[in-house]
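Just below is one structure, and these are the notes that go with it.
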Amino acid sequence: MTHTPSERERSWLLAEKYHGEETPDFFADVERLKEGEPLAYVIGTVPFLGCTIDLSYRPFIPRPETEWWLEKALTVIKERTPNATSLRLLDVFSGSGAIGVAAARHLPGAHVDFSEQDPRLVKQIKKNIALN
């Protein structure tokens, strides 16, 4: 499958991963985009509610709508539970851990557990917890 990367994809890749420098690795990554690999995998990370989510173990890429809904949920939680230390949250089928990591960042006193059966993705979650 061939895909023509948009100028926006090329610009984002160049800025995010190569800091504006068109290196041979940049052009190799443009080829990956042409083959249909998602931009987030090529860059290796994706922003999610102020966190950097690593994607090196190839979990599902966190969706913008998930980020939007989590932001809404966090707003309600903060309004209704001023003392976040009493909160216990569970990120089920965590994948990248983006939801739980972002919740922990925005509710610093809360206790967040992660649940994931894929051992590869358990490593991914641990990496994202350490990163954030």
Side-chain angles (χ1 to χ4, degrees):
M1 174 177 141
T2 333
H3 166 74
T4 303
S6 70
E7 188 53 42
R8 182 174 167 215
E9 289 175 312
R10 287 176 56 97
S11 295
W12 189 19
L13 175 64
L14 188 61
E16 288 294 316
K17 191 170 180 181
Y18 295 101
H19 311 289
E21 194 172 328
E22 291 185 352
T23 65
D25 287 340
F26 166 73
F27 291 107
D29 280 348
V30 169
E31 291 302 314
R32 290 170 62 189
L33 291 174
K34 287 180 182 177
E35 293 300 315
E37 189 170 349
L39 178 61
Y41 287 156
V42 175
I43 291 174
T45 62
V46 66
F48 189 88
L49 272 181
C51 300
T52 299
I53 303 301
D54 178 86
L55 302 171
S56 56
Y57 290 90
R58 299 297 178 108
F60 287 138
I61 299 166
R63 305 285 307 159
E65 53 271 24
T66 303
E67 185 176 22
W68 187 87
W69 282 111
L70 180 58
E71 184 175 32
K72 298 299 176 205
L74 291 171
T75 299
V76 171
I77 291 169
K78 287 177 182 179
E79 289 170 358
R80 296 184 183 176
T81 314
N83 180 9
T85 58
S86 64
L87 286 175
R88 289 190 59 101
L89 304 170
L90 175 60
D91 183 354
V92 180
F93 301 111
S94 303
S96 68
I99 293 171
V101 166
R105 169 172 255 162
H106 292 279
L107 302 167
H111 179 88
V112 180
D113 288 306
F114 298 82
S115 172
E116 178 56 60
Q117 69 179 20
D118 185 335
R120 176 179 55 86
L121 296 180
V122 170
K123 291 178 186 177
Q124 182 70 80
I125 294 162
K126 288 178 180 179
K127 186 171 188 172
N128 281 319
I129 291 169
L131 182 62
N132 291 280

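- Cluster annotation: W12 and Y41 are assigned to distinct hydrophobic clusters (Ile/Leu/Val/Met/Phe/Trp/Tyr, side-chain heavy-atom contacts under 4.5 Å, transitive).
- Atom CG of residue D29 and atom CZ of residue R10 lie 11.5 Å apart, to the nearest 0.5 angstrom.
- Judged purely by distance below 3.5 Å, without hydrogens or angles, the side chains of Y57 and D118 never pair a donor atom with an acceptor atom.
- The two residues P62 and A98 make their nearest non-hydrogen contact at CG-CB, 3.8 Å.
- The backbone N or O of F93 sits nowhere less than 3.5 Å from a side-chain atom of Q117 that would complete a donor-acceptor pair.
- What you find for E116 and S94 is that their closest heavy atoms are OE1-N, 3.3 Å.
- With hydrogens and angles left out, the side-chain atoms of T23 and D25 include no donor and acceptor closer than 3.5 Å.
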Could you walk me through whether H106 and E71 satisfy the side chain to side chain contact (heavy atoms under 4.5 Å, CB included) test, starting with their C-alpha distance in whole Å, then the side-chain angles of each, then the deciding distance to 0.1 Å, before giving a yes or no? CA-CA 9 Å; H106 292 279; E71 184 175 32; over 6 Å; no
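- Here CG of D54 is found 13.5 Å from NZ of K123. Values are rounded to the nearest 0.5 Å.
- With a 6.0 Å radius and a threshold of 12 heavy atoms from other residues, nucleotides or ligands, R58 has its CZ atom above the threshold.
- Every residue meeting the side-chain contact (heavy atoms from CB on, under 4.5 Å) condition with K126, not counting sequence neighbours, appears here in chain and number order: V122.
- Residue V76 is not grouped with residue V112 when hydrophobic side chains (ILVMFWY) are merged at heavy-atom distances under 4.5 angstrom, including chains of intermediate members.
- Partners of E31 according to the side chain to side chain donor-acceptor pair (under 3.5 Å) rule, which considers only residues two or more places apart in sequence or in another chain, are K34.
- Contact record, L70 with A102: CD2-CB, 3.8 Å, taken as the closest heavy-atom pair.
- If you chain together hydrophobic residues whose side chains sit under 4.5 Å apart, L49 and I129 fall into the same group.
- Residue-environment remark: CZ (R120) exceeds the threshold of 12 foreign heavy atoms within 6.0 Å.
- Of all non-hydrogen atoms in S86 and T81, the two that sit nearest each other are OG-CG2, 4.0 Å.
- Heavy atoms from other residues, nucleotides or ligands lying under 6.0 Å from CH2 of W68 number more than 12.
- No side-chain heavy atom of F26 sits under 4.5 Å from any side-chain heavy atom of E21.
- In the hydrophobic clustering of ILVMFWY residues, with side-chain heavy atoms under 4.5 Å counting as a link, L55 and F114 come out together.
- Residue L121 holds its CG atom at 9.0 Å from CZ of F60, rounded to the nearest 0.5 Å.
- In this structure, CD in E67 is found 9.0 Å from SG in C51, a value given to the nearest 0.5 Å.
- When all heavy atoms of A103 and L74 are compared, the closest pair comes out as CA-CD2, 4.1 Å.
- Note that OG of S96 is 7.5 Å distant from CD1 of I125, once rounded to the nearest 0.5 Å.
- Connection of I53 to V42 is not established within any shared hydrophobic cluster, with ILVMFWY side chains joined at heavy-atom distances below 4.5 Å, either directly or through further cluster members.
- R105 approaches N132 most closely through the heavy-atom pair NH1-OD1, 3.9 Å.
- Atom CZ of R80 sits about 12.5 Å away from atom CG of L87, to the nearest 0.5 Å.
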